[in-house]
Every structure is written in C-alpha cells, then in structure tokens.
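First up is the structure itself, then whatever we jot down about it.
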Number of protein chains: 2
Amino acid sequence: MNIGDVAQLSGLPAKTIRYYEDISLVKPKREMNGYRVFSDADLHKLIFLARARGLGFTIEDCRRLLALYEDKSRASAEVKSVTGKHLSEIEAKIADLQAMHATLTRLSEECAGDHRPDCPILEELGSDEEPKSTHTVQ
Amino acid sequence: MNIGDVAQLSGLPAKTIRYYEDISLVKPKREMNGYRVFSDADLHKLIFLARARGLGFTIEDCRRLLALYEDKSRASAEVKSVTGKHLSEIEAKIADLQAMHATLTRLSEECAGDHRPDCPILEELGSDEEPKSTHTVQ
DNA sequence: ATTGACCTTACAGTTACTGGAATCATTAAC
DNA sequence: GTTAATGATTCCAGTAACTGTAAGGTCAAT
C-alpha cells in the first residue's frame, strides 16, 4: 500500500504519517521509485496511533504504548500506569478549564454587552486588587 | 522599575516579559545602560496580561482586550464577544476531555493492572473493529 | 579587585503537526 | 506520443507561547 491508502484507512493525513516515520513511530519499506510501501502491520500501527492520539496520549506515551502492545510478555500494570497518569492530567485540565469557565461566565453575565464602554470583564482584568479568582495555570 | 521588579509584582517570569516586548505587547523605555525601565502603566499592563492569560485567552485575544481596555470609548459588546467565543472554545475542550476521560476510565477499570499481559486498553487501541468510542479531536 | 545578583542579546528547543514549493512517478485521456 | 491529472518525494518554514542555555555587560557591596 502507498501512503494515500493508509492515510485513507487510518484517517491520518499523509503528512502526519510521514512525520511519524521521521520520528520512527513507523518504518515503512521503500519501493525502487522511492515510494513508501506500508504492510498490514504498518497500517495496524497507524490505526493504533490514531486512536491513542485521539484519546489524548502524547506521542511519547504512544511510543511507549506501542512498545507494550508489541511486547507479548508485558505486564498490564504498565499500561494501566501510563493510562492512570494520563487520566490525572486530563482531570487537572478539566478542573482548570472549569475554573476559567466559571469566572468568565460570571463576568460575562455581569457585562451588558452593548454600545456603552462600562465592562466588568475589563474592570476585573485591570483592577488593582486581587480579583475574586485568578488562574495561574491555563 | 527593572524587569525583576515587575516580574515579581506581576508574577510573570522575566523571560516572558521580554517575550511580550518582542511581540509588542509592552514597550518599556530603556536606561542608558540598556536596561528596560517599566512605568506603573507598564506594570499595570503586565498584570492585565497575566490575568487574561490565566483565564486562557490567547495572546492575540489579549492584544485585542488590551486595546479595548485602553480605548475609553469602546463598546462593552466587543469585549463580551471575545469572551463569548473563548467560552465556547473552553466548553468544546471540556467536552472533548470528558469524552476521553470516560473512555479511558472505562478501559482502565477493565484492566487488571497486574503482571499478566492481558490488557483491554491495548486491545481496544489495537482492535480491528471500530472501538466503542474513537475521538478525533484531542 | 572581586564576588554575586541582576541585566542584556541571540539562538535553539519544545509539541505535534501543517503549509508550501519544487520536483519526480504513474496513470488515463486524447 | 504527448499531455494532464493525480499522487508521490524532499526540504524548509511556520504555528503558540514560551523556556533553556550560553556568553557577556552592569551594579552594589566588600
């Protein structure tokens, strides 16, 4: 299969697949004309990667998970550990976003949103005192 | 004030403040020795930026908000519009993260997490069929 | 005169791609 | 047989918002 075929089948852009080769996540063979040739195993890997990335795992997590996937004597504890760390990060991000959301919603509700210049959003951002909630993490 | 002082007072790293000057968010004067000199107005801007960034606004949003802040004849509707778009993006991100979280939690609960190789997490990532939920957005 | 804290610039690296240009290969149409 | 469309290749640059590091200048105190 050529890159267009596996792009279609995995849902990943060809550009991304070339990038994954660059960083050695997949190692397709080459034809005499220089074209990449992807085996079924390569396609399988790409589908694995697409799903893992879709679940928000970093590339390095994906590399680790792929290695575990191919190690038939792995301990499932290792996989669960990677997943657990990722879950914690997701939880932290959700919490941050919810805090931002709460603050912005409060300010937005207080703002008339008309032609007049008075604006509680800008007032809070520019105030001299500590605002009700300031977020340090994005 | 020198950069260390405003870094302290705004909570922003000096490095970040230099970067903000690079991209023209602040324009401190210079002393004869080349050191940056920050006015009270500069400090005020930096605090504004720190808060807006803390609420997850992009740098370009911050630039826009800062311009509105300094435009005493602005319409609060403009500020509310920027904020509203940002709120929608936050909501979308939260939804994505919650979907990932749900999938990963389900898989994690099914995984023994011991010395044995059997692992539902890897099985789903590597399965030939469409998994129960595949996320396209991260 | 020297130490240490603080300031300067410039360049590289981070994450995970994405866009674009220039070129080559393959295939289908005329 | 030539041409055009499609699809492949490489390479370089850009994105967001910084962060790290190196090499060096300045200042206050000892």
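Keep in mind that what you see is a predicted model, and the values were worked out from it rather than measured. Below, all heavy atoms of this structure are taken into account, side chains as well, without hydrogens, waters or symmetry copies. Here is how names work: the chains are called A, B, and so on, in the same order as the sequence lines, proteins then strands, and each is numbered from 1.
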Can you tell me which residue pairs pass the salt bridge (charged side-chain N to carboxylate O under 4.0 Å, His left out) test with a partner in residues 109-119 of chain A, sequence neighbours excluded? A:D114-A:R116
A:I23 CD1 to C:dA16 C1', in whole Å, measures 8 Å
Protein-nucleotide distance (A:Y19, atom OH; C:dT18, atom P), rounded to Å: 10 Å
Measure CD1/B:I17 against P/D:dC18 and give the value in whole Å, please. 11 Å
Under 4.5 Å between any side-chain heavy atoms of B:K45 and B:L25, yes or no? no
How many Å lie between CG on A:L46 and P on C:dC17, as a whole number? 12 Å
Taking only residues two or more places apart in sequence or in another chain, which ones pass side-chain contact (heavy atoms from CB on, under 4.5 Å) with A:S24? A:K27, A:R63
For residues 77-89 of chain B, which residue pairs qualify under salt bridge (charged side-chain N to carboxylate O under 4.0 Å, His left out), counting only residues two or more places apart or in two chains? B:R64-B:E78
pair B:T83-A:S108: side-chain heavy atoms closer than 4.5 Å: yes
Hey, could you give me each pair passing salt bridge (charged side-chain N to carboxylate O under 4.0 Å, His left out) that has a residue in residues 11-26 of chain B? Not counting sequence neighbours. B:E21-B:R30, B:E21-B:R36
Contact string for nucleotides 2-9 of chain D, one letter per nucleotide 5' to 3', B = base within protein heavy-atom range under 4.0 Å, S = sugar-phosphate only, - = neither, reads -----BSB
Using the side chain to side chain donor-acceptor pair (under 3.5 Å) criterion, which residues pair with B:T105? Sequence neighbours excluded. B:H101
Compare side-chain N and O positions of B:Y20 against OP1 and OP2 of D:dC18 and report whether any pair is under 4.0 Å apart. yes
Could you tell me, to 10°, how much the axis swings from one end of the helix from C:dA1-D:dT30 to C:dC30-D:dG1 to the other, five pairs per end? 30°
Rounded distance in Å - CG (A:L49) to P (C:dC17): 9 Å
Would you say A:T58 places a side-chain N or O within less than 4.0 Å of OP1 or OP2 belonging to C:dT15? no
Per the ring pair (Phe, Tyr, Trp, His ring centres under 6.0 Å) rule, what does the pair list look like for residues 7-59 of chain A, sequence neighbours excluded? A:F48-A:Y69, A:F57-A:H86
Here the distance between atom P of D:dT26 and atom CD of B:E31, to the nearest Å, is 12 Å
Rounded off to whole Å, could you give me the CD-to-P distance for the B:Q8 and C:dC7 pair? 10 Å
Hey, does B:F57 reach any base, or is it just sugar-phosphate, or nothing, if we go heavy atoms under 4.0 Å? nothing
Please enumerate all residues that pass side chain to side chain donor-acceptor pair (under 3.5 Å) together with B:S39, with sequence neighbours excluded. B:D42
When rounded to whole Å, the NZ to P distance for the pair B:K15 and C:dC7 reads 13 Å
